[in-house]
Amino acid sequence: MRSGVFADYKIFAGNSNTELAEEIAGILGKPLGKATVTKFSDGEISVNIWETVRGLDVYIIQSTCDPVNDNLMELLIMIDAMKRASAGRINAVIPYYGYARQDRKAKARDPITAKLVANLLEAAGADRVLTMDLHANQIQGYFDIPVDHLLGMPILEKYYKEKGLEDLVIVSPDHGSVTRARNLAQRLNCPIAIIDKRRPEPNKSEIMNIIGNIEGKNCIIVDDMIDTAGTIRNAANAIKEMGAKAVYAGATHAVLSGPAIERIEDSAIEELVLLNTITLPEGKKLEKMRFISVAPIFAEAMTRIFTNGSVSVLFDDVK
């Protein structure tokens with residue numbers, strides 16, 4: 001791993017989230033580095049870096065979202081290009097880390113894709129990873145290089161405090177999100193409720209029971225990501241039917257694949273707050289959606305990494 005004090009740094013971006021990359025660069029007062037990421041006629045990724053990076057601290061901003069394989073290969077090839085151009089240090093800035101849901105062997109012959117992607121990033125030449133709200137915290141341990149794991153929860157906490165809702169209950173949509181729900185509930189000084197569900201097959205869920213009192217309450221469902229929105233729709237409709245006053249929802253990663261938009265539109269959710277770790281086309285945005293930018297916290301983290309400052313202070317404080 002290359003580390004130390006660098007004379008300067010440069011920021012580059014793949015094609016997955018150029019809006020966020022430009023916003024981060026704007027906050028830092030830096031132009032995005034000159035690079036083109038295109039495809040050959042057969043679909044192979046072509047990367048060209050048009051300025052020197054020799055001896056510099058390089059940050060490559062790329063979420064590995066849909067199209068996941070293209071965006072992942074763009075990131076890997078850009079890392080390889082920087083390594084071969086003698087960059088001083090290569091930081092992979094991955095606001096959304098794809099392939100994270102397969103993080104363990106849940107049954108026989110399962111792959112662990114979260115570990116596989118970690119291996120690929122290291123093999124390509126990444127020296128450090130900066131990401132947000134990994135699907136499982138243990139993914140940090142899949143790397144043998146430093147991982148700075150930013151949290152989206154303080155951003156949501158700040159938003160809901162400013163919103164000033166009363167009679168709050170934080171709702172976990174499943175058992176896997178209980179810790180996340182409890183952390184937000186502690187920050188907002190309110191109780192939690194838990195959805196006890198059964199998932200008969202991937203991307204399908206069935207509500208079984210609700211643990212906790214939600215009658216007459218303003219409920220906020222929190223999760224790390226929303227994919228097909230089946231879980232959050234079923235949770236919202238169930239707690240509304242059981243007497244919740246109003247249902248809100250917040251999540252870090254707006255994956256929103258398949259029928260997600262229709263499900264959210266038809267759900268009991270009054271407002272869905274999402275962070276912009278993934279860029280959504282205008283056609284996927286609904287009136288009930290509100291987006292909050294993660295650019296300030298990523299810009300601050302990158303500044304602290306460059307100056308060898310502490311990044312851990314950002315885990316709880318959002319400016």
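Computed from a prediction, not measured in an experiment: that's the story for all the values here.
The two residues Ile79 and Ile90 make their nearest non-hydrogen contact at O-CD1, 3.6 Å. Closest heavy-atom contact between Ala268 and Ala236: CB-O, 3.8 Å. When all heavy atoms are compared, the tightest approach of Leu32 to Glu22 is CD1-CG, 3.6 Å. Closest heavy-atom contact between Val129 and Ile145: CG2-CD1, 4.1 Å. Counting all heavy atoms, side chain and backbone alike, Ala81 lies closest to Val47 at CB-CG1, 4.3 Å. Nearest heavy atoms, Ile239 versus Ile214: O-CD1, 3.4 Å.
Side-chain atoms of Thr113 come within 3.5 Å of backbone atoms of Tyr99 as a donor-acceptor pair (strictly under, hydrogens ignored). A donor-acceptor contact shorter than 3.5 Å links the side chain of Ser63 to the backbone of Thr277. Checked by atom type and distance alone, the side chain of His149 pairs as donor or acceptor with a backbone atom of Asp133 at under 3.5 Å. Between the side chain of Lys10 and the main chain of Thr52, a donor-acceptor pair closer than 3.5 Å is present. Put simply, the side chain of Asp174 gets close to the backbone of Ser177: a donor and an acceptor are under 3.5 Å apart. In this structure, the side chain of Glu270 does not engage the main chain of Ala246 through any donor-acceptor pair within 3.5 Å. The main-chain N or O of Leu150 is never found under 3.5 Å from a side-chain atom of Asp148 such that the two would form a donor-acceptor pair.
Taking a 6.0 Å sphere around NZ of Lys34, one finds it holds 12 or fewer heavy atoms contributed by other residues, nucleotides or ligands. With a 6.0 Å radius and a threshold of 12 heavy atoms from other residues, nucleotides or ligands, Asp110 has its CG atom above the threshold. Within a 6.0 Å radius of CD in Glu51, more than 12 heavy atoms belonging to other residues, nucleotides or ligands are found. Within a 6.0 Å radius of NZ in Lys285, other residues, nucleotides and ligands contribute more than 12 heavy atoms.
Geometric assessment of Lys30 against the ring of Tyr9 yields a positive cation-pi assignment under the 6.0 Å and 45° thresholds.
The hydrophobic clustering, which links ILVMFWY residues whose side-chain heavy atoms are closer than 4.5 Å, places Tyr96 and Leu75 apart. Ile221 and Met289 fall within a single hydrophobic cluster, where Ile, Leu, Val, Met, Phe, Trp and Tyr are joined by side-chain heavy atoms under 4.5 Å apart, directly or via other members. Both Val222 and Val178 sit in one connected hydrophobic cluster of ILVMFWY residues. Membership requires side-chain heavy atoms under 4.5 Å apart, directly or through other members.
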> Under the salt bridge (charged side-chain N to carboxylate O under 4.0 Å, His left out) criterion, do Asp167 and Lys245 qualify, and how do the steps go?
Replying inline: CA-CA 9 Å; Asp167 297 323; Lys245 180 180 179 181; 5.3 Å; no
> Would Phe291 and Leu275 satisfy side chain to side chain contact (heavy atoms under 4.5 Å, CB included), going step by step from the backbone distance to the final call?
Replying inline: CA-CA 5 Å; Phe291 292 88; Leu275 307 186; over 6 Å; no
> Asn17 and Gln62: side chain to side chain contact (heavy atoms under 4.5 Å, CB included), yes or no, with the steps?
Replying inline: CA-CA 6 Å; Asn17 202 335; Gln62 177 85 329; over 6 Å; no
> So Asp227 and Leu256, side chain to side chain contact (heavy atoms under 4.5 Å, CB included) or not? Walk me through it.
Replying inline: CA-CA 5 Å; Asp227 188 358; Leu256 302 182; over 6 Å; no
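Asp266 has no carboxylate O lying under 4.0 Å from a charged side-chain N of Arg233, or vice versa, which leaves the two without a salt bridge. Taking a cutoff of 4.0 Å between a charged side-chain nitrogen and a carboxylate oxygen, Lys288 and Glu271 do not qualify as a salt bridge. Taking the charged nitrogens against the carboxylate oxygens, Asp57 and Arg89 do have a contact shorter than 4.0 Å, which makes a salt bridge. A salt bridge does not link Asp103 with Lys115: every distance from a Lys NZ or Arg NE/NH1/NH2 to an Asp or Glu carboxylate oxygen is 4.0 Å or more.
Residues meeting the side-chain contact (heavy atoms from CB on, under 4.5 Å) test with Asp80, sequence neighbours left out: Lys83, Arg84.
Put simply, the side chain of Ile77 reaches to within 4.5 Å of the side chain of Met73, judged on heavy atoms.
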